[in-house]
Amino acid sequence: MLLKDKYYKLLKENKLESNNAVYLLSLYPQADVYRGHFPHKPVCPGACNIETIRECAEMLTGKDLDIKTIKQCRLTAVASPQICPLLDVIVSVARIEGTSSYNVVAKICDKETTYMEFKGELRIKVKVAQ
């Protein structure tokens with residue numbers, strides 16, 4: 001996990017079914033990434049939103065995952081630790097039959113606003129023997 005406990009803290013995991021969950025996250029306003037995005041008016045970078053979704057999909061599946069394809073990634077509003085310090089990441093995964101991949105549909109939101117919508121394919125990481 002690249003961002004967990006550095007960019008956000010997981011406050012609550014609510015597994016709705018084996019393939020659906022809602023993760024309540026608290027953003028760390030002092031995270032290093034905000035020095036570049038932007039020191040006095042921080043915004044959440046889209047790349048960090050995508051990585052957060054990937055990490056939540058890993059928690060849901062219990063597997064180490066890589067992004068294989070992004071079919072849709074729509075930033076619908078600007079998230080900021082000052083404006084929305086608590087976010088829900090809603091994730092749904094479906095194993096693609098005959099593969100080591102999952103279709104993932106997710107969104108990052110709070111009670112009033114959706115900040116990102118994501119659809120993509122994540123695959124189980126292949127471990128290379130050394």
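No hydrogens, no waters, no symmetry mates; every other heavy atom, side chains included, goes into these values.
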Next on the checklist: Give me the atom names and distance for the closest heavy-atom approach of G46 to L75.
Outcome noted: CA-CD2, 4.3 Å

Checklist entry - Within a radius of less than 6.0 Å around NZ of K71, do more than 12 heavy atoms belonging to other residues, nucleotides or ligands occur? => result yes

Item to check | Sequence neighbours excluded, every pair satisfying salt bridge (charged side-chain N to carboxylate O under 4.0 Å, His left out) that has a member inside residues 29-50 | outcome: D32-R35

Checklist outcome for this item: Taken to the nearest 0.5 Å, the spacing of R54 CZ from L122 CG works out to 7.5 Å

Checklist entry - With the 4.5 Å side-chain cut-off for hydrophobic clustering, are V78 and L86 part of the same group? => result no

Next on the checklist: Is there a side-chain contact between K9 and L25 in this structure, where contact means two heavy atoms from C-beta onward sitting under 4.5 Å apart?
Outcome noted: no

Item to check | Side chain proximity check, E58 to D64, heavy atoms < 4.5 angstrom | outcome: yes

Item to check | Inter-residue atom distance E13.CD - C56.SG, 0.5 Å rounding | outcome: 8.5 Å

Item to check | Single-linkage hydrophobic cluster, 4.5 Å side-chain cutoff, L11 and Y28 together | outcome: no

Next on the checklist: Could you tell me if the side chain of I50 sits less than 4.5 Å from the side chain of C73, heavy atoms only?
Outcome noted: yes

Item to check | Pair M116-I53, side-chain contact (heavy atoms from CB on, under 4.5 Å): steps then yes or no | outcome: CA-CA 10 Å; M116 176 180 270; I53 288 170; 3.9 Å; yes

Checklist entry - Under the side-chain contact (heavy atoms from CB on, under 4.5 Å) criterion, do Y7 and C44 qualify, and how do the steps go? => result CA-CA 10 Å; Y7 176 74; C44 299; 3.1 Å; yes

Checklist entry - Roughly how far, to the nearest 0.5 Å, is OG of S80 from CG of L27? => result 8.0 Å

Checklist entry - Between M59 and L10, is a side-chain contact (heavy atoms from CB on, under 4.5 Å) present by the stated rule, with each step listed? => result CA-CA 11 Å; M59 287 186 271; L10 175 64; 3.7 Å; yes

Checklist entry - For L65, does its backbone N or O pair with a side-chain atom of R123 as donor and acceptor, under 3.5 Å? => result no

Checklist entry - Got a second to check how far L24's CG is from N14's CG, nearest 0.5 Å? => result 10.0 Å

Next on the checklist: Minimum heavy-atom separation for K6 and A31, please, with both atom names.
Outcome noted: O-CB, 3.5 Å

Checklist entry - In terms of side-chain geometry, is the basic nitrogen of R74 or E117 positioned less than 4.0 Å from the acidic oxygen of its partner? => result yes

Next on the checklist: Is there a path of hydrophobic side-chain contacts, each under 4.5 Å between heavy atoms, that joins V93 and I67?
Outcome noted: yes

Checklist entry - Would L3 and V104 show up in the same hydrophobic cluster when neighbours are defined by side-chain heavy atoms closer than 4.5 Å? => result yes

Item to check | V105 backbone acceptor or donor facing S92 side chain under 3.5 Å | outcome: no

Checklist outcome for this item: When every non-hydrogen atom of I70 is compared with those of F118, the smallest separation belongs to CG1-CE1, 3.8 Å

Item to check | OH-CG distance between Y115 and N49, expressed to the nearest 0.5 angstrom | outcome: 10.5 Å

Checklist entry - Just wondering, do V33 and C48 contact through their side chains at under 4.5 Å, heavy atoms? => result yes

Next on the checklist: Using 0.5 Å steps for rounding, measure from the CG atom of D88 to the OH atom of Y23.
Outcome noted: 12.0 Å

Checklist entry - Are the side chains of V91 and N20 in touch, meaning some heavy atoms are under 4.5 Å apart? => result no

Next on the checklist: Determine whether a donor-acceptor pair (N or O, by modelled atom type, separation under 3.5 Å) exists between the side chain of T99 and the backbone of I96.
Outcome noted: yes

Next on the checklist: Could you list the cluster mates of V22? Members are the ILVMFWY residues connected by side-chain heavy atoms closer than 4.5 Å, either directly or through other members.
Outcome noted: L16, I90

Checklist entry - Hey, quick one: are I124 and L60 part of the same hydrophobic cluster, counting side-chain heavy atoms closer than 4.5 Å, chains of contacts allowed? => result yes

